[in-house]
Amino acid sequence: MQPRLRSLSFLLSSVLLLLAAVSTAPSMAQVYVGRPKLIVIVVIDQFRGDYLNRDRDKFKGRGFKLFMDQGAWFTDCYYDYANTKTAPGHATLGTGAYSDGHGIEANDFWDASRSFDRKVTSVEDERYQLVDLPASSLPANQPGAAADAPRFLIGSSPRNLRATTVGDELRLATNGLARVYGISLKDRAAILPAGQAANGAFWIDNSSGQFTTSTYYMEHLPEWARAFNTSGRKEEAAREALVEGTTQFFDLVGRMPAANRYELDFARALIAGEKLGQNGVTDMVVVSLSPNDIQGHQFGPDSGSEEQMILSLDRDLDGFFSWLDQTVGLKNTWLALSADHGIAPIPGDAEKLGIHAVAVDMQKAYAALNAQLNARYSKGQDVPYLMPGPDLPYIVLDRKAFEKAGVDEKAAEDAVAALLPEIITGQVPKPDGPLPVQHRQSPAPQVAGVYTRLQFAHGELPPSEWGRLLAHSYADHGNWFVMLVLGAYQMEGTRWGGTTHFSPWSYDRHVPLAFYGAPFQPGEYHERVAPVDLAATLASLAGVNQPSAAVGRVLTEALKPIGPAGKE
Ligand SMILES: [Zn+2]
């Protein structure tokens with residue numbers, strides 16, 4: 001090659017290199033074009049997997065039937081862990097990991113690095129504050145609060161989330177071009193499934209029902225959110241719930257179908273206001289619908305009000321999906337549906353059928369346990385050896401009290417684990433007549449197992465499916481604790497009756513899992529799958545990395561065949 005030609009070709013290759021460098025930023029985003037404009041994940045708070053089957057014949061339009069008739073519907077999706085609560089469930093759906101991966105094991109917990117005086121919630125963060133609250137709700141710790149300010153309210157963030165979400169991975173893959181949001185009535189349910197890098201998470205101020213967020217995300221609410229708050233929509237929701245003018249919006253409106261509509265209307269305002277699905281990349285919204293949980297705890301899964309809620313939600317989802325079709329277009333959208341946990345039947349209802357269902361008096365059990373610990377370690381005293389407010393499945397020990405008595409973690413946890421079963425199973429109901437009686441007697445409390453933190457930390461759990469469930473529930477916040485598993489259909493009894501979810505039993509772990517969108521092969525799938533598969537599948541289809549701790553499986557059985565040219 002002539003010297004002149006050589007220098008020309010050098011010049012040409014330099015220009016090409018330069019052009020390539022200049023175009024790097026947009027081309028990174030281009031890699032992900034051709035994916036959907038928008039992914040919407042609908043999470044129903046406390047929605048058991050069997051509900052869809054139960055009310056199938058009553059669904060109309062394109063609500064649940066969009067998933068069941070035109071989408072890929074998995075009928076047998078079960079959480080693979082033992083701590084079936086709201087915060088861990090939402091974190092699991094976003095991250096595709098369990099508590100041992102994402103670090104959220106409960107709605108609130110004792111965090112030794114932050115406080116020995118009170119529990120922290122899974123998302124509270126004193127470094128931030130809530131945004132644009134109405135004057136009536138300003139708590140005592142914020143400027144401008146009234147003299148009789150209601151309570152101490154601090155900001156929230158995903159600080160405890162140790163894993164990324166599928167939304168975070170979309171953000172990373174597009175250099176932040178993809179926009180990701182979370183919505184719920186509850187802060188934890190808006191924040192945790194959206195992730196660390198979410199553009200925003202919105203939830204309500206409990207008394208007024210006004211949507212708020214935290215300075216972790218933004219200094220002020222966006223214009224569209226402020227307009228929504230002043231539009232009269234929250235007053236309309238209160239009227240629909242027949243509690244006009246209420247100052248207990250979360251409790252009184254939140255448990256009614258009107259609150260699902262309220263949340264879905266806020267989702268529309270968000271999608272329109274932020275122009276989601278119009279950014280040339282895949283945007284994402286997670287909408288967690290809280291009302292079913294609030295009323296479900298009170299009335300149980302088999303009540304008429306549960307069915308009313310489900311049928312009403314079916315109509316509201318039909319309206320929301322039709323609106324999405326007219327705006328973003330359903331052909332440009334992928335939808336996913338799941339729940340954060342199931343629920344047990346009300347113990348009295350199950351007992352009537354002969355199930356060994358019991359509402360256990362745990363307050364009595366904790367008092368007896370503490371008395372026996374005092375007898376052993378501090379005779380004649382009344383030292384509290386348990387941290388206040390135990391919330392099954394976890395019972396947190398007061399390590400300072402044990403240390404003062406010269407008892408180490410192993411001895412303390414082993415003592416509690418050894419004492420608890422006898423204390424609980426000792427609550428045997430008295431027969432209502434001389435034995436043998438002529439009719440069925442109330443069942444007795446059972447203990448399926450008690451496991452110490454050290455057993456979790458050292459992997460000393462049973463080498464079985466059961467042990468795997470337990471291991472997935474472990475997250476360490478610097479405390480000593482034991483996990484108590486009561487018998488199936490048994491739970492802590494409350495003054496007001498009702499029911500709850502917290503256990504490794506199937507009714508607490510069974511949730512729906514369904515997808516709708518171009519890549520999914522419509523059908524009813526009966527494989528045993530898990531909620532961690534939701535994030536794994538969406539990440540794979542979106543062509544991004546799996547979230548950092550994801551253990552879910554890509555549900556390839558529900559994908560349409562891909563042709564040789566990579567086309568459907
Ligand atoms: Zn929940």
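Predicted model only: the values in this text are computed from it and were never measured. As the structure lists them, so they are numbered: ligands from 1, and atoms in each ligand from 1.
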Open item on the list: Tell me whether N160 contacts the main-chain N or O of G103 through its side chain, where contact means a donor paired with an acceptor under 3.5 Å.
Closed with: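 Such a contact is absent between N160 side chain and G103 backbone.
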
Task: With A514 via side-chain contact (heavy atoms from CB on, under 4.5 Å) - residues at least two apart - done: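 Testing A514 for side-chain contact (heavy atoms from CB on, under 4.5 Å), a comparison that skips the adjacent residues, returns F67, W73, L337.
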
Task: Under the side-chain contact (heavy atoms from CB on, under 4.5 Å) test, residues paired with R509 that sit two or more places apart - done: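 With neighbours one apart ignored, the set is Y78, Y79, D80, T84, L469, R528.
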
- [ ] Find out whether L313 and Y51 are in side-chain contact, i.e. whether some heavy atom of one side chain is under 4.5 Å from a heavy atom of the other.
- [x]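 Side chain of L313 against side chain of Y51, heavy atoms only: no contact under 4.5 Å found.
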
Open item on the list: Looking at every heavy atom in both L289 and L317, which two are closest together, and how far apart are they?
Closed with: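 Residues L289 and L317, closest heavy atoms: CD1-CD2, 4.4 Å.
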
Task: Every N, O or S from the protein that is nearer than 2.8 Å to the Zn ion (ligand 1) - done: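 Atoms qualifying: D45 OD1, T86 OG1, D340 OD2, H341 NE2.
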
- [ ] Hey, could you give me each pair passing ring-ring contact (aromatic ring centres under 6.0 Å, His included) that has a residue in residues 95-118? Not counting sequence neighbours.
- [x]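 Sorted result for residues 95-118: Y81-Y98, Y98-H472, F109-H477.
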
